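Notes for the one structure printed next.
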Amino acid sequence: MIITLKDGSVKEYAGPMSVLDIASDISEGLARMACAGELDGEVVDLRTVVDKDCHLNILTFDSEGGAGAFRHTTSHIMAQAIKRLWPEVKLAIGPSIVDGFYYDIDSPRAIVAEDLEKIEAEMKKIVKEALPITRFTKPREEAIAYFKEKEEPYKVELIEDLPEDAEISFYQQGEFVDLCAGPHLMSTKPVKAFKLTSLAGAYWRGSEKNKMLTRIYGTAFAKKADLDAYITRMEEAKKRDHRKLGKQLGLFMMRDEGPGFPFFLPNGMILKNTLLDYWREIHRKAGYVEISTPIMLNRQLWETSGHWDHYRENMYTTVIDDTDFAIKPMNCPGGILVYQSEPRSYRDLPLRMGEIGLVHRHEKSGQLHGLMRVRCFNQDDAHIFMMPEQIKDEIKGVVKLIDSVYQLFGFKYHVELSTRPENSMGSDEDWEMATEGLRSALDDLGLDYVVNEGDGAFYGPKIDFHLEDSIGRTWQCGTIQLDFQLPLRFNCEYIGQDGEKHRPIMIHRVAFGSIERFIGILIEHYAGAFPTWLAPVQVKVLPISDKYMDYGRKVLEKLNEAGIRAELDTKAEKIGYKIREARLQKIPYMLIVGAKEEEEGLVSVRSRFLGDEGQKPLDAFLSDVKQEIAGRVSRKVEVQEETK
RNA sequence: GCUGCUGUGGCUCAGUCGGUAGAGCGUCACAUUGGUAAUGUGGAGGUCACGGGUCCGAUUCCCGUCAGCAGCUCCA
């Protein structure tokens, strides 16, 4: 690797290498120049060259480490292009994010999709100009004056929030100067492969009380090939969208007649019921009992629970015989009434009561999203009533249960611990004890988690489990919430060993979260090609022609007798057509039957997993598949799947 | 709820610079009875999301409503 130094001399290094390796024998100025793109005339790896506060840090030339700086620089180039095109635009902030970057701007005229092309064209010019990027600082007051003069009110506001004695750092490329902590590339030159991807609104400083700005999203890669690969990956991911697959596979539908209220179609219902069968089995084994509580209860109950005051805007209410009623947005108050239905002893605790509860919540219109965010959904809820000394073990048990569910499906997840919010009930001591209970359970199990300060429920702190959809958005699924408040509000009791009354503590928890959301995640995770135990149709019998329909019917009967979900293709079509249809429906097994099979009582097996598996006696096939289903096995799909 | 975009047969989409619409798939009928990803022919199916306005005339232009999409905000 040859680096041209400032004075024109040339120095040779063995690369790839870290700038840290060379930092000892060159000054900062030289390093910055090295980063400006003069390495052997090859600049692609410079994306990883970063500079922070004028100090060299993690400067490996050949890793993913610098993607943030690379994209952040691209966002500055975009801002510069926008200022060149429309000088009246005010700039807010423009960070790098996962897979890309954005810049928030305040424009007097609406930016439309066609403008993105104009901006891209201008950005290309800036890259071509290969502007060096330099950093300088000013004291806070001077920085404020600078942006006031430039009429950039958002920048002024940002600086005003910094400490009085702060040195404010700026980055400059050509005529464009931006407030920025860095890091950045040393030149606009290496930014060759970028694309502006979308346009959206975003509130200034993330508060809906503030003005809505225009946010322009983009992404950038060191190489054109990487950008193309990224675009292809996103397109592929969109094919897994559960809304699209839900339609194709006949799982569920949405109608204008009930926005946010999903309809489950026969295939989707099989999926749902199969999941529930599994849920009931593992909960029975884990010592849960199951209850069901009414969908609608009176106002007094919701006032006692606190929902009437804290959650009313999301509740559907009605009046019956002059009394206010609300459709339940949560199952807990109903569960508490069941707890109170008889006197409880410490011997009954922990009492684990599960409920598949249908709840309704009025989500704001813009929040709805397929099955992921709906207005009515089934929670695989459970309420656990226990003594204080049982907290930790119970929480650990629940975490393990949830983990086992996600393991079965091969989901990756991350855990968040949310603490006391502003709008909360209860004493400091209770919150402290509850939060500590959750935290120590997670620590004991050695689980990684992030803490969300102030993000808990109004009645207690919570642990959330988040799963990813096909394009990387995360959705909260499982949650465990510790609650001192509701037992207090409802005056729940148990008789202790001492013969005295005591107050139980309560856990609210879900594993799937919402069955609907979980099914959405499941669809995208498997791209609709469910493991056999979940597949709505597990086996499709395909006769070569009508002549073998009778044999096909016999095979179908045997499959049905064995409890396998099977169908017979009775269409007057050729075998190729039938196979294509079955594949597009992502059915795990096809049994092809014709003259050869009928004669010897065989079936020709073609699976989604391995393709043609050859002929087998029907009984052998049956026992294999039954075993696969009973074991809830996830066979790996090895044959290329095609999406319609 | 906010910003931007979108809304045409069951599905995927084309089209109308304003003169009441097309294709493929699916569906139905008939013929074909075929061995591992699409047999052929024919038929049915749409008040172009809904409500106003402009115009001789609106699916097309304008306004509003509803719904969807992306993002933001929210999410017990």
Side-chain angles (χ1 to χ4, degrees), chain A residues 102 104 107 110-113 115-116 197-217 238 241 243-244 247-248 250 253-260 305-307 310-311 313-315 329-332 359 361-370 372-373 379 381 418 421 423-425 455-462 464 471 473 475-476 479 481 483 485-486 508 510 513-514 517 542-549 571-584 590 592-597 604-606 611-613 639-642 644:
Chain A
Y102 66 80
D104 284 348
S107 172
I111 303 286
V112 296
D115 292 332
L116 296 187
T197 49
S198 71
L199 200 56
Y203 298 106
W204 167 236
R205 309 203 118 183
S207 167
E208 61 184 329
K209 293 187 182 71
N210 290 339
K211 182 167 184 181
M212 179 156 277
L213 308 175
T214 304
R215 175 169 296 178
I216 302 175
Y217 285 91
K238 277 183 192 145
D241 191 310
R243 293 164 295 189
K244 199 180 168 81
K247 214 175 254 178
Q248 273 170 25
M253 68 172 186
M254 292 293 186
R255 306 237 66 197
D256 283 3
E257 286 84 344
S305 70
H307 290 86
H310 286 84
Y311 200 64
E313 58 192 32
N314 281 304
M315 290 160 69
M330 270 163 251
N331 304 302
C332 19
V359 298
R361 299 179 185 175
H362 186 73
E363 303 291 355
K364 288 192 264 180
S365 59
Q367 315 294 31
L368 302 176
H369 185 101
M372 303 296 199
R373 190 82 180 266
Q379 288 184 307
D381 218 338
S418 298
N423 169 27
S424 64
M425 308 184 300
D455 228 21
F458 68 83
Y459 49 70
K462 57 177 184 170
D464 293 334
I471 63 171
R473 289 178 291 218
W475 300 89
Q476 181 193 310
T479 172
Q481 299 169 3
D483 185 356
Q485 293 308 313
L486 283 182
H508 311 249
V510 288
S514 118
R517 178 176 288 181
L542 312 180
I544 295 288
S545 83
D546 285 359
K547 285 188 214 155
Y548 314 106
M549 204 59 81
K571 280 216 182 78
E573 294 285 353
K574 298 202 284 192
I575 193 66
Y577 180 93
K578 294 180 183 180
I579 288 171
R580 179 180 156 82
E581 285 302 294
R583 297 215 56 177
L584 290 174
M590 291 169 241
I592 292 147
V593 295
K596 284 181 264 174
E597 290 79 5
S604 283
V605 180
R606 187 182 167 119
D612 194 345
E613 294 186 14
V639 176
Q640 184 73 36
E641 290 293 325
E642 180 185 312
K644 208 186 221 168

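All chains are named by letter (A, B, ...) in the order of the sequence lines, taking the proteins before the strands, and each is independently numbered beginning at 1. All values derive from a computational prediction rather than experimental measurement.
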Quiz prompt | Gap between atoms NZ and P, on Lys578(A) and rU32(B) respectively (whole Å) | solution = 16 Å
Quiz item: Between Thr214(A) and rU3(B), is there a side-chain N or O to OP1/OP2 distance below 4.0 Å?
Solution: no
Quiz item: OH of Tyr548(A) versus P of rG34(B): gap in Å, rounded?
Solution: 6 Å
Quiz prompt | Identified pairing partner of rU32(B), criterion: Watson-Crick or G-U wobble below 3.5 Å | solution = none
Practice problem: Give a yes-or-no answer on whether the side chains of Glu363(A) and Asn314(A) include a donor-acceptor pair shorter than 3.5 Å. | Solution: no
Quiz prompt | rA70(B) phosphate, OP1 or OP2, under 4.0 Å from Arg243(A) side-chain N/O | solution = yes
Quiz item: Are Arg255(A) and rA67(B) close enough that a side-chain N or O sits under 4.0 Å from OP1 or OP2?
Solution: no
Quiz item: Taking atom CG of Leu213(A) and atom OH of Tyr102(A), what is their separation to the nearest 0.5 Å?
Solution: 10.5 Å
Quiz item: With distance as the sole criterion, do the side chain of Arg517(A) and the base of rC75(B) form a donor-acceptor contact below 3.5 Å?
Solution: no
Practice problem: Using a cut-off of strictly less than 4.0 Å, decide whether Lys462(A) has a side-chain nitrogen or oxygen near OP1 or OP2 of rA76(B). | Solution: yes
Quiz item: Checking all strands, does Gly366(A) fall into the base, sugar-phosphate, or nothing category for heavy-atom contacts under 4.0 angstrom?
Solution: base
Quiz item: Would His508(A) and Asp381(A) count as having a side-chain donor-acceptor pair, cut-off 3.5 Å?
Solution: no
Practice problem: Would you please confirm or rule out a distance under 4.0 Å between OP1 or OP2 of rC75(B) and any side-chain N or O of His369(A)? | Solution: no
Exercise. Check every strand shown and say whether Ala595(A) touches a base, only sugar-phosphate, or nothing at a heavy-atom separation below 4.0 Å.
Key: base
Quiz item: Of all the choices, rG1(B), rA76(B), rG4(B), which nucleotide is nearest to the side chain of Gln476(A) once you look at every atom?
Solution: rA76(B)
Quiz prompt | d(NZ, Lys571(A); C1', rC25(B)) in whole Å | solution = 12 Å
Self-check item: Whole-Å gap separating P (rA70(B)) and CG (Asp241(A))
Solution: 7 Å
Exercise. Could you tell me the separation between the CE atom of Met315(A) and the P atom of rC75(B), rounded to a whole number of Å?
Key: 17 Å
Quiz item: Given side chains that start at C-beta, do those of Ser604(A) and Val593(A) come closer than 4.5 Å, heavy atoms only?
Solution: no
Quiz item: How about Glu313(A): does its CD atom have over 12 heavy atoms from other parts shown lying under 6.0 Å from it?
Solution: no
Quiz prompt | Paired nucleotide for rA14(B) [Watson-Crick or G-U wobble; both distances under 3.5 Å] | solution = none
Exercise. Rounded to the nearest angstrom, tell me the gap between atom NZ in Lys574(A) and atom C1' in rG35(B).
Key: 11 Å
Exercise. Sort out the partner of rC72(B) for me: Watson-Crick or G-U wobble, both distances under 3.5 Å, none otherwise.
Key: rG1(B)
Exercise. May I have the step-by-step check of ring pair (Phe, Tyr, Trp, His ring centres under 6.0 Å) for His310(A) and Tyr459(A), ending in yes or no?
Key: CA-CA 10 Å; His310(A) 286 84; Tyr459(A) 49 70; 9.3 Å; no
Exercise. Could you tell me whether the phosphate oxygens of rG26(B), OP1 or OP2, come under 4.0 Å of any side-chain nitrogen or oxygen in Tyr577(A)?
Key: yes
Quiz item: To the nearest angstrom, how far is Met590(A) atom CE from rU36(B) atom P?
Solution: 13 Å
Quiz item: Is Gln367(A) side chain donor-acceptor paired with the rC74(B) base, going by distance under 3.5 Å alone?
Solution: yes
Quiz item: Arg473(A) side chain N/O closer than 4.0 Å to the phosphate oxygens (OP1, OP2) of rG71(B)?
Solution: yes
Self-check item: Phosphate-side-chain proximity, Lys247(A) and rG10(B), N/O vs OP1/OP2 below 4.0 Å
Solution: no
Quiz item: Rounding to a whole Å, what distance do you find between Leu213(A):CG and rG71(B):C1'?
Solution: 13 Å
Quiz item: Reckon Glu597(A) touches a base, only the sugar-phosphate, or nothing at all at heavy-atom distances under 4.0 Å?
Solution: base
Practice problem: Using only side-chain N and O atoms of Lys547(A), determine if any of them is under 4.0 Å from OP1 or OP2 of rG34(B). | Solution: yes
